[in-house]
Participant: 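Quick one: this structure, given as structure tokens, is what I'll be asking you about.
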Amino acid sequence: MSAADQIAAAESGLLEIRGLVKHFGGVTAVNALNMTVRAGDIHALIGPNGSGKTTTLNVISALYRADGGSIRFDGAELVRRPAHAIAQMGIARTFQNIRLFGDLTVRENVMIGRHVRTRVGFVGALLPGGATAREERETRERALELLAFVGLERTAGASARSLPYGDQRRVEIARALASEPRLLLLDEPAAGMNPAETDALVALLRTIRDKGTTLLLIEHDMNLVMSVSDRVTVLNFGQHIAEGPPADIARNPDVITAYLGGTLDAA
């Protein structure tokens, strides 16, 4: 991509969603959603329970197929691409419900996230030594680097299920980062964390952004959203009702009404 193309992509957004629709039977979970996520931002997607937030992430990452609309990542259309192709393009995610392999070690869980960047094929994996051994060594080293990055290097040899809930969340983030994403989708990363863990998460998210990864996160902790986000999109009943800087969102009357008539800080 030329310098001019890169500038144009940054101005238009790394992720461009236009007219996105997702139905489940007679229920419209996402209704003509328009949203732009700019490169280099931490972008929050918020709304009451059942407003379509996780469904949106599931459609972006191809766990669900869109029923209409367009999702463009760095100019390339994502709709109808399979999940593994989207991961290879540079989009990774974590889940609302933690999805670690409990019987594997913490390091092995992170190594799994590296799979989309490995080059040795099935036949090569059956042959000892050479490129296979080198790639295995590099993958293990990278997993340890990422565990150190999220503050969990001491747990590398422990089983994933033995970790506290907040630490398991950070292992999921490390595993997602192992795929070298340009866009990281986070579904309620602070869920189950105590205040100290949440503060550490805020610092981690900022560091990830500062190292060049764009973030799109769903989060119910409004203090976290308002402190860490560059922009916020608000959904209600599957529809886009507001988008802008956190301070503007906090004063938006439609947003306040969507949060049951209270102030956004109390939602």
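Computed from a predicted structure; not experimentally measured.
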Participant: Apply the hydrophobic cluster definition, ILVMFWY joined by side-chain contacts under 4.5 Å directly or through others, and give me every member besides Val27.
Facilitator: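 Other cluster members: none.
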Participant: Under a 4.5 Å side-chain heavy-atom rule over Ile, Leu, Val, Met, Phe, Trp and Tyr, are Val171 and Leu204 clustered together?
Facilitator: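 Result: yes, single cluster for both.
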Participant: Hey, any chance Leu152 and Ile98 share a hydrophobic cluster, counting ILVMFWY side chains that come within less than 4.5 Å of each other, even indirectly?
Facilitator: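 Cluster IDs for Leu152 and Ile98 match.
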Participant: Would a distance-only check, ignoring hydrogens and angles, find a side-chain to backbone donor-acceptor pair under 3.5 Å from Asn109 to Thr105?
Facilitator: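 Confirmed, Asn109 side chain pairs with Thr105 backbone.
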Participant: Run through Glu180, Glu136, Glu108 and flag the one making a salt bridge (Lys or Arg N to Asp or Glu O under 4.0 Å) with Arg114.
Facilitator: Glu180
Participant: Going hydrophobic residue to hydrophobic residue with side-chain gaps under 4.5 angstrom, can you get from Leu100 over to Tyr165?
Facilitator: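 Linked, Leu100 and Tyr165 end up in one cluster.
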Participant: Where do Ala92 and Ser179 come nearest, in terms of heavy atoms and distance?
Facilitator: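 Heavy atoms of Ala92 and Ser179 come nearest at CB-OG, 3.4 Å.
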Participant: Identify the two heavy atoms, one from Leu146 and one from Ala174, that lie closest to each other, and give their separation to 0.1 Å.
Facilitator: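 Nearest heavy atoms, Leu146 then Ala174: CD1-O, 3.6 Å.
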Participant: Quick one: pull up OG in Ser159 and CG in Asp103 and give me the separation to the nearest 0.5 Å.
Facilitator: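 Nearest 0.5 Å value for the OG-CG distance: 7.5 Å.
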Participant: Who passes side-chain hydrogen bond (donor to acceptor under 3.5 Å, both in side chains) against Asn34, sequence neighbours left out?
Facilitator: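 Listed in chain order: nothing, the list is empty.
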Participant: For the pair Asp167 and Arg154, find out whether any cationic side-chain nitrogen is under 4.0 Å from an anionic carboxylate oxygen.
Facilitator: yes
Participant: Indicate yes or no for a side-chain donor-acceptor contact from Lys53 to the backbone of Pro48 under 3.5 Å, with no hydrogens or angles considered.
Facilitator: yes
Participant: Is a side-chain N or O of Gln168 found less than 3.5 angstrom from the main chain of Leu163, in a donor-acceptor match?
Facilitator: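 Side chain of Gln168 to backbone of Leu163, a donor-acceptor pair under 3.5 Å: yes, one is there.
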Participant: Can you list every ring pair (Phe, Tyr, Trp, His ring centres under 6.0 Å) pair that touches residues 76-110, not counting sequence neighbours?
Facilitator: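 Qualifying pairs, neighbours excluded: none.
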Participant: Write down the atom of Ser61, the atom of Ile86, and the distance for their closest heavy-atom approach.
Facilitator: C-CD1, 4.2 Å
Participant: Kindly compute the distance separating CG (Leu235) from CD (Glu243), expressed to the nearest 0.5 Å.
Facilitator: 9.5 Å
Participant: Check the pair Asn49 / His220 against side chain to side chain donor-acceptor pair (under 3.5 Å), numbers first and verdict last.
Facilitator: CA-CA 9 Å; Asn49 289 333; His220 285 290; 3.3 Å; yes
Participant: Taking side chain as C-beta onward, heavy atoms only, is Arg65 less than 4.5 Å from Val59?
Facilitator: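 With C-beta onward as the side chain, the pair stays apart.
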Participant: Is there a path of hydrophobic side-chain contacts, each under 4.5 Å between heavy atoms of I/L/V/M/F/W/Y residues, joining Leu184 to Leu217?
Facilitator: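 Yes, because Leu217 and Leu184 connect within a single hydrophobic cluster, where side-chain heavy atoms sit under 4.5 Å apart.
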Participant: For residues Arg169 and Pro189, report the shortest heavy-atom separation together with the two atoms involved.
Facilitator: CD-O, 3.5 Å
Participant: Any Lys/Arg nitrogen of Asp230 or Arg209 sitting under 4.0 Å from an Asp/Glu carboxylate oxygen of the other?
Facilitator: yes
Participant: Might you point out which heavy atoms bring Val30 and Leu20 nearest each other, and give the distance in Å?
Facilitator: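 For Val30 and Leu20, the tightest heavy-atom pair comes out as CG1-O, 3.5 Å.
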Participant: Heavy atoms, side chains only, cut-off 4.5 Å: are Leu183 and Thr213 in contact?
Facilitator: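 Result no, sub-4.5 Å side-chain heavy-atom pair not found.
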Participant: Could you tell me which residues satisfy ring pair (Phe, Tyr, Trp, His ring centres under 6.0 Å) with Tyr64, sequence neighbours excluded, listed by chain and number?
Facilitator: Phe24
Participant: If we check side chain to side chain contact (heavy atoms under 4.5 Å, CB included) with Ile17, which of these qualifies: Thr233, Thr36, Ile71?
Facilitator: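 By the side chain to side chain contact (heavy atoms under 4.5 Å, CB included) criterion, Ile17 pairs with just one of Thr233, Thr36, Ile71: Ile71.
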Participant: Just do the side-chain contact (heavy atoms from CB on, under 4.5 Å) check on Val225 and Asp221 with the steps written out, would you?
Facilitator: CA-CA 6 Å; Val225 168; Asp221 184 332; 5.9 Å; no
Participant: Is there a path of hydrophobic side-chain contacts, each under 4.5 Å between heavy atoms of I/L/V/M/F/W/Y residues, joining Met222 to Ile241?
Facilitator: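 Ile241 and Met222: one cluster.
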Participant: Does the side chain of Leu186 reach to within under 4.5 Å of the side chain of Leu205, using non-hydrogen atoms?
Facilitator: yes
Participant: At what distance, to the nearest 0.5 angstrom, does CD1 of Ile46 lie from CE of Met226?
Facilitator: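 Going from the CD1 atom of Ile46 to the CE atom of Met226 covers 5.0 Å.
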Participant: Counting distance only, does the side-chain N/O of Gln239 pair as donor-acceptor with the main-chain N or O of Leu33 below 3.5 Å?
Facilitator: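 No: the side chain of Gln239 does not pair with the backbone of Leu33.
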Participant: Could you note down all residue pairs passing ring pair (Phe, Tyr, Trp, His ring centres under 6.0 Å) where residues 136-156 supplies at least one of them, sequence neighbours left out?
Facilitator: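 Of all non-adjacent pairs touching residues 136-156, none passes ring pair (Phe, Tyr, Trp, His ring centres under 6.0 Å).
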Participant: Drop me the distance from Glu188's CD to Gln96's CD, to the nearest 0.5 angstrom.
Facilitator: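 The distance works out to 4.0 Å.
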Participant: I'd like to know if the side chain of Thr214 reaches the main chain of Gly40, judged simply by a donor and an acceptor atom lying under 3.5 Å from each other, with no hydrogens or angles considered.
Facilitator: yes
Participant: My understanding is that only residues two or more places apart in sequence, or in another chain, count here; which of them pass salt bridge (charged side-chain N to carboxylate O under 4.0 Å, His left out) with Glu172?
Facilitator: Arg175
Participant: Within the structure provided, determine whether Asp187 and Arg93 are in side-chain contact (heavy-atom separation under 4.5 Å).
Facilitator: yes
Participant: Give the minimum heavy-atom separation between Ile256 and Ala250, together with the two atoms involved.
Facilitator: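 Closest pair (atom of Ile256, atom of Ala250, distance): CD1-O, 3.8 Å.
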Participant: With side chains defined as the heavy atoms from C-beta onward, is the minimum distance between Leu177 and Ile208 less than 4.5 Å?
Facilitator: yes
Participant: With a 4.5 Å cut-off on side-chain heavy atoms, are Leu14 and Val37 touching?
Facilitator: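 They are not in side-chain contact.
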Participant: Report the C-alpha distance between Ser229 and His43 in whole Å, list the side-chain angles of each, state the deciding distance to 0.1 Å, and finish with yes or no for side-chain contact (heavy atoms from CB on, under 4.5 Å).
Facilitator: CA-CA 6 Å; Ser229 302; His43 193 121; over 6 Å; no
Participant: Quick check: does any side chain N or O of Arg38 sit under 3.5 Å from a backbone N or O of Asp41, one acting as donor and the other as acceptor?
Facilitator: no
Participant: Quick one: CG on Leu201 to CD on Glu197, what's the gap to the nearest 0.5 Å?
Facilitator: 9.5 Å
Participant: Any side-chain heavy atom of Ile60 within less than 4.5 Å of one from Leu185?
Facilitator: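 Result yes, sub-4.5 Å side-chain heavy-atom pair found.
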Participant: Determine whether Val228 and Arg206 satisfy the following criterion, side-chain contact (heavy atoms from CB on, under 4.5 Å), listing intermediate values before the conclusion.
Facilitator: CA-CA 7 Å; Val228 79; Arg206 287 172 175 156; 3.9 Å; yes
Participant: Out of curiosity, Leu216 CG to Arg231 CZ, how far, rounded to the nearest 0.5 Å?
Facilitator: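 One finds 13.0 Å between CG of Leu216 and CZ of Arg231.
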Participant: Would you say the side chain of Met89 lies within less than 4.5 Å of the side chain of Leu78, judging by non-hydrogen atoms?
Facilitator: yes
Participant: Does any N or O in the side chain of Ser162 come within less than 3.5 Å of the main-chain N or O of Ala158, such that one atom is a donor and the other an acceptor?
Facilitator: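 Such a contact is absent between Ser162 side chain and Ala158 backbone.
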Participant: Check step by step if side-chain contact (heavy atoms from CB on, under 4.5 Å) holds for Phe237 and Asn31.
Facilitator: CA-CA 8 Å; Phe237 296 109; Asn31 188 3; over 6 Å; no
